[in-house]
Amino acid sequence: MKKRVLPLLLALALAVLSACGGGANNQNQTPNQQTGGQTAPKEQVITIAHSGDPATLDPHKSFNGLVFTVTNQIYETLLYRAADGTLQPRLATEWAPVDETTWEFKLREGVKFSDGTPLNAEAVKFSLERLADPETKGPGAFIVGMIEEITVVDDHTVHIRTSTPFTPLLAHLSHPVTAIVSPTAATSGDLSKQPAGTGPFLLEDWKAGDSVTLKANPDYWGGKPKLDKVILRIIPEAGTQLTELKAGTVDLISGVQPERFEEIDSDPQLSATRFLGWGSMFLGFNMKAGPLAQPEVRQAIAMAIDRQGIVDTLRQGMAQFGNSLVPPTVFGSVPDLTGPEYDPEGARALLAQAGVTTPLKLTLNTYEGAENQQIAQAIQAQLSQIGIDLEVVITDYGAFTEAIAKDDHGLWLSSWGTVTMDADYTLWALLHSGQHGADNKAFYANPQVDEWLTEARRTADDAQRQALYRQIQEQVMKDLPYLNLYYPLSSYAKNDRLQGEVYPFAAINLDLRKAEVK
């Protein structure tokens, strides 16, 4: 485990990385081959910078973007979210309610998994039940936890019944963790290393810590992709990713550094894109133990953080301020939700009124990444102004999750994506008392909020659901188990030779079905 404790930093801006290497020669292009006097077509190959090695290629056994960015090219779900936010057919072509707890799905015909197994209703039943099975030990099992029964009607028709009316079911079935896998491969092989899906690409090679190479699926039901190969190279450092993009050895990077966006966009060989996706960056408070169990301490910390300043100064146009735990792109967001104002003097007074002796020593856990480090340093500096001595601990993601699972952890800084585009996904996971030991690391428990969350799940009327999500989030702002810092803009940069890619919401949604090298 890597562990670093940051010193107190009063300067909030992160130093700009050293100048990147130039040059527009792209080393990914394969030269023409001369065969019998004729020119063979160039192999269509692109390289994408990937910030970390996927822990597995089994979509049911992870809940991590590093994994889903890869598995989404290999597997498919019943439905998916289009760039405009609407739910669209993927492996399911039609769906309709049978009654208030049952939905019928018609499956696409003539589709096969990469191992030759046919896609049918049995495969759908197998996959969703496998995800829900405790033996799978899938951290995303809660996504299908409301499903009571899956019935095979015929080869291409399946009924999914929930234990109670569950309005967000369709949204949940668009999540990459609900990928439909080959029953044959899952029972006789190891999907973590030998994936078998219905997607446009197949695994060709995986060199741990170095790269994942995908090749076009020649039998893809949607037509063979134009790209012959997609290489995801493991490049953790954002500066190195940019250097390689400018040198032409990488074709696409995600998460453009704010201070480099304009530089990239002005390069005639490159393009940079940014937009509001489904992500949030937040500060979490452990309400179970220690000083953070006192509401006055949580409120004082919230008042001491200049969130608008962080957006304006540190994120430089790559973030949007907001108090709701979900961004305005997501159903159930409350864009006009009011929250704590920046008031360091008031924060100091509040600590004094609560009888808190300063300096108060607290710990903040986060995981590796330039943005996390930058924001953690800013919070550390600002809390020092109200007498809080904050130890910032940065580890790899695995060690971070272990740290914040403990009863006595303090503050933590993390991001969250409402992948389903429905607030239930985030609010239930982070706020419901039944999620203690899972995603509710704040150990938040409010019976009224639990009741509202349950009611929102059962309510079919969108206006009523929206009203309930407003009540929930207004109560959360009073209880303050979490403080939303901002909504990071999704961003990516590419070499302009890559055309036809679709990049909605975040890297895990990258669609290369129609992409090609020009």
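One-based numbering along the sequence shown. Hydrogens, waters and symmetry mates are skipped; everything else that's a heavy atom, side chains included, is used. Keep in mind that what you see is a predicted model, and the values were worked out from it rather than measured.
Of the N and O atoms on the side chains of N286 and W412, not one donor lies less than 3.5 Å from an acceptor on the other residue. Defined by atom type and a distance below 3.5 Å, a donor-acceptor pair is present between the side-chain atoms of E501 and Y492. For N64 and S62, the side-chain atoms include no donor-acceptor pair closer than 3.5 Å. Side-chain contact, Y503 with S254: a donor N or O sits under 3.5 Å from an acceptor N or O. With 3.5 Å as the limit, one finds no donor-acceptor pair spanning the side chains of S414 and Y397.
At least one donor-acceptor pair closer than 3.5 Å links the side chain of T329 to the backbone N or O of G277. The main-chain N or O of G398 is found under 3.5 Å from a side-chain atom of T401 such that the two form a donor-acceptor pair. When atom types are taken as modelled, the side chain of Q473 and the backbone of G332 share a donor-acceptor pair closer than 3.5 angstrom. In this structure a side-chain-to-backbone donor-acceptor pair under 3.5 Å is missing from T86 to A82. Put simply, the side chain of S211 never gets that close to the backbone of K207: no donor and acceptor are under 3.5 Å apart. Between the side chain of S333 and the main chain of P327, a donor-acceptor pair closer than 3.5 Å is present. At least one donor-acceptor pair closer than 3.5 Å links the side chain of T162 to the backbone N or O of T101. No donor-acceptor pair closer than 3.5 Å links the side chain of S127 to the backbone N or O of V124. Using a distance-only test at 3.5 Å, with no hydrogens or angles considered, no donor-acceptor pair links the side chain of Q435 to the main chain of Y444. Without hydrogens or angle criteria, R298 side chain to A293 main chain gives a donor-acceptor distance under 3.5 Å.
Of the inter-residue distances, the one linking R307 atom CZ with L314 atom CG reads 14.5 Å to the nearest 0.5 angstrom. How far CG of L427 is from OH of Y469: 6.5 Å, rounded to the nearest 0.5 Å. L170 CG to T420 OG1: the interatomic distance, rounded to the nearest 0.5 Å, is 11.0 Å. We find the CG-CD distance between N365 and E402 to be 11.5 Å, quoted to the nearest 0.5 Å. Remark: L468 CG to R457 CZ distance equals 13.5 Å, nearest 0.5 Å. Separating the CG atom in L337 from the OG atom in S324 is a distance of 6.0 Å, to the nearest 0.5 Å.
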Kindly determine whether Q374 and R315 satisfy side chain to side chain donor-acceptor pair (under 3.5 Å), including the steps that lead there.
CA-CA 9 Å; Q374 184 187 51; R315 299 314 298 158; 3.0 Å; yes
How far apart are the C-alpha atoms of L485 and I379, what are their side-chain angles, what is the distance that settles it, and do they pass the side chain to side chain contact (heavy atoms under 4.5 Å, CB included) test?
CA-CA 10 Å; L485 299 176; I379 292 172; 4.1 Å; yes
Just do the side chain to side chain contact (heavy atoms under 4.5 Å, CB included) check on T102 and E149 with the steps written out, would you?
CA-CA 9 Å; T102 307; E149 183 181 29; over 6 Å; no
Does the pair W428 and D439 meet the rule for a side chain to side chain donor-acceptor pair (under 3.5 Å), with working shown?
CA-CA 9 Å; W428 185 278; D439 293 298; over 6 Å; no
Begin from the C-alpha positions of D336 and R470 and carry the test side chain to side chain contact (heavy atoms under 4.5 Å, CB included) through to its verdict.
CA-CA 10 Å; D336 62 347; R470 172 176 286 277; 2.6 Å; yes
Can you list the steps and then say if V419 with F68 is a side chain to side chain contact (heavy atoms under 4.5 Å, CB included)?
CA-CA 11 Å; V419 182; F68 292 147; over 6 Å; no
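Other residues, nucleotides and ligands place no more than 12 heavy atoms under 6.0 Å from the CD atom of E341. Atom CD of Q88 sits in a crowded spot, with more than 12 heavy atoms from other residues, nucleotides or ligands closer than 6.0 Å. Within 6.0 Å of CD on E237 lie no more than 12 heavy atoms contributed by other residues, nucleotides or ligands.
H50 and T69 get closest at one heavy-atom pair: CE1-CB, 3.5 Å. Taking each heavy atom of N484 and S280 in turn, the nearest pair found is OD1-CB, 3.4 Å. Shown here for Y487 and N323, the closest heavy-atom pair between the two residues is OH-N, 3.9 Å. A272 approaches D265 most closely through the heavy-atom pair N-OD1, 3.3 Å. Nearest heavy atom pair, residue Y482 against residue N440, reads OH-OD1, 3.4 Å. In plain terms, the two heavy atoms of A171 and L87 that are nearest each other are N-CD1, 4.0 Å.
Counting heavy atoms from C-beta outward, Q385 and D306 have side chains that stay 4.5 Å or more apart. Two residues are said to be in side-chain contact when any heavy atoms from C-beta on lie closer than 4.5 Å; N509 and R81 fail this criterion. In this structure, the side chains of L128 and T178 come closer than 4.5 Å at one or more pairs of heavy atoms. Counting only heavy atoms from C-beta outward, the side chains of P59 and V177 never approach each other to under 4.5 Å. Proximity of E296 to V356: side-chain heavy atoms (C-beta onward) are nowhere separated by under 4.5 Å. Here the side chains of Q475 and Q448 are not in contact, with every heavy-atom distance at 4.5 Å or above. Looking only at side-chain heavy atoms (C-beta outward), I143 and Y425 come within less than 4.5 Å of each other. Within the 4.5 Å cutoff, side-chain heavy atoms of L232 are placed close to those of L214.
Between R274 and E262 there is a salt bridge, since at least one side-chain N of the basic residue sits less than 4.0 Å from a carboxylate O of the acidic one.
None of T459, D424, D422 except one satisfies the side-chain hydrogen bond (donor to acceptor under 3.5 Å, both in side chains) rule with R465; the exception is D422. Each of R130, K137, K193 was compared with D58 under the salt bridge (Lys or Arg N to Asp or Glu O under 4.0 Å) criterion, and only R130 meets it. Just one of V392, L383, D389, I301 meets the side chain to side chain contact (heavy atoms under 4.5 Å, CB included) condition when paired with L362; it is I301.
Under the 30°/60° scheme for interplanar angles, the aromatic rings of H175 and F63 are found to lie parallel.
The ring of H60 has its center no closer than 6.0 angstrom to the ring center of Y75.
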